[in-house]
Each structure stands twice: as structure tokens, then as C-alpha cells.
Amino acid sequence: MDVTLHLAQDPEADELLGRSHLAALVGMLLDQQVPMEWAFKGPATIAKRLGADDLDAHEIAAYAPEAFADLLSEKPAVHRYPGSMAKRIQQLCQYLVEHYDGDASAIWEGVDTGQELLKRLEELPGFGKQKAQIFLALLGKQLGVRPKGWREAAGAYGEPKSFRSVADITGPESLAKVRAHKQEMKAAAKAAKASGR
């Protein structure tokens, strides 16, 4: 894998996301309750603080939990909730070490169907169905991982040019479209709640 992603809107962070399967997975994990760019810049920040040019699942899984939480809490913090996210990242890396020998790409290598890949992604700590579908759409749309039926397994996120998630962000223009979609969804949810539906 060596593509250019534009999720962090930061060349160095995006370069890491494009060449590191684990960095892309960790960025997806961090993508909640913070702006997307902040989440996807996280893997590069963590790597830098570890004194490395990439993330290593074995190293992170074995890291002392308090020390890893401190690493994420350093200013500027990697996430709004650095302590809980440090724990989640370590759980993800421990799972990868246990099930895939620490190799994130082993999740999708040799997978025959989109449904099978979705199931594997949903089994990851911190990945519910929606996050798994978004990551599956990102794999298919931008990273060339396209098992049979991947679009269907990714649901609405797999639709071409749907601009619903990070899977469709390729630069500032598409980022603006995804942001607009998310704002529409929030407004619709708020309206539905207000009308008592």
C-alpha cells in the first residue's frame, strides 16, 4: 500500500496513512468526538512521540498503559479523550498481535467477500458496524481492497461519490461536501427529535 490519502489535510500525516495499514486503522479508531483531521493526524503524532516513522502493533500492545496514555496526553493531545483512546488503541494493537501477528493488512488479505471483510472489521476492538462499513468503503474506494460485494457490504458508504464519510475525501473540496452531508444529517436528526419522532 502506498497511496496518497488526504484525511488529515497534513502532508506528513497523510503520507503515513497512505503507506501504513495500522496508521489508517488507528486514525479510523480515533475518528470520533473530534474533527476528522485531528483524528487522522493522530497516528503520525503517536509515531513521532515513539521516535519512529511508523506504528508497530507489537510495540504499542506491549507499552506500559500509563506511559502510553501519557504519550497521547502530551500537548497537543492526540484526542479530546487521550486516556480512553490510548486504552482503545492498545486493545486494537493487542487484538492485531493475537489474531493477525500484528499485521493490519492481514485483516483483508485473502478475504473473498465484502461481507467476510466487514465481519472481520466489526470484530476489531472499538469498531462498531458503522465504523467498520466506513473503513471498508475507504479500503475499497481509495486503497484498492475490493473483495467481491465490497460496496454492498459497506452500505451507503460504498456508493460511488456519496460524500458521506472519510472514504470519499480526496482533498479540500470533497472534505467540504462530506462536512455538509454530516451537518444535514445532524440537522435532520435534531428536527426529528424535536418533532417527537
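Throughout, numbering of the chain's residues begins at 1 and tracks the sequence.
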Between atom [atom1] of [X] and atom [atom2] of [Y], what is the distance when rounded to the nearest 0.5 Å?
X	Y	atom1	atom2	answer
L22	D54	CG	CG	7.0 Å
I107	L96	CD1	CG	5.0 Å
I134	Q130	CD1	CD	4.5 Å
L7	M28	CG	CE	9.0 Å
S165	K182	OG	NZ	7.0 Å
L143	S105	CG	OG	11.5 Å

(request) For the pair L5 and T170, evaluate side chain to side chain contact (heavy atoms under 4.5 Å, CB included) and give the outcome as yes or no after the intermediate values. (result) CA-CA 7 Å; L5 294 178; T170 55; over 6 Å; no
(request) Count the heavy atoms belonging to other residues, nucleotides or ligands that lie under 6.0 Å from CZ of R88, then report whether that count exceeds 12. (result) no
(message) How about CD on E74, more than 12 heavy atoms from neighbouring residues, nucleotides or ligands closer than 6.0 Å, or not?
(response) yes
Under 3.5 Å, side chain of [X] to main-chain N/O of [Y], donor-acceptor pair present?
X	Y	value
D31	A39	no
Q142	I169	yes
R49	L71	yes
D101	V97	no
K131	E122	no
T45	K41	yes
R80	Q33	yes
H79	V34	no
S195	A192	yes

With the 4.5 Å side-chain cut-off for hydrophobic clustering, are [X] and [Y] part of the same group?
X	Y	answer
W38	V166	no
L25	Y100	yes
Y81	L92	no

(request) Using the test side chain to side chain contact (heavy atoms under 4.5 Å, CB included), find all partners of P65 that sit at least two apart in sequence or belong to another chain. (result) Q90
Taking C-beta and beyond as the side chain, do [X] and [Y] meet within less than 4.5 Å on heavy atoms?
X	Y	value
L29	L124	no
Y95	E123	yes
L17	F40	yes
D112	L117	no
V111	V145	no
K177	K161	no
L175	M36	yes

(message) Checking salt bridge (charged side-chain N to carboxylate O under 4.0 Å, His left out) between R179 and each of E37, E173, E184, which is the one that passes?
(response) E37
(request) Under the salt bridge (Lys or Arg N to Asp or Glu O under 4.0 Å) rule, collect the residues that match up with E98, sequence neighbours excluded. (result) none
(request) Applying salt bridge (Lys or Arg N to Asp or Glu O under 4.0 Å), name anything that partners E116, two or more places apart in sequence or on another chain. (result) R120
(message) Any salt bridge linking K141 with D168? Criterion: basic side-chain nitrogen under 4.0 Å from a carboxylate oxygen.
(response) yes
(request) Take L118 and Q133 through the side chain to side chain contact (heavy atoms under 4.5 Å, CB included) test and state the conclusion after the steps. (result) CA-CA 7 Å; L118 180 63; Q133 285 185 312; 3.7 Å; yes
(message) As a quick check of understanding, evaluate side chain to side chain contact (heavy atoms under 4.5 Å, CB included) for Y157 and L138, giving each step before the final call.
(response) CA-CA 9 Å; Y157 302 107; L138 177 66; over 6 Å; no
Identify the two heavy atoms, one from [X] and one from [Y], that lie closest to each other, and give their separation to 0.1 Å.
X	Y	answer
K48	E12	NZ-OE2, 3.3 Å
A104	H21	CB-CB, 3.7 Å
G102	A57	O-CB, 3.5 Å
L136	W150	CD2-O, 3.9 Å
E15	R19	OE2-NE, 2.7 Å
A23	L16	CB-CG, 3.7 Å

(message) Evaluate R164 against E159 for side chain to side chain contact (heavy atoms under 4.5 Å, CB included), listing each step before the verdict.
(response) CA-CA 9 Å; R164 294 176 191 270; E159 294 169 7; 3.6 Å; yes
(message) Using 30° and 60° as the class boundaries, would you call the ring planes of W108 and F135 parallel, tilted or perpendicular?
(response) tilted
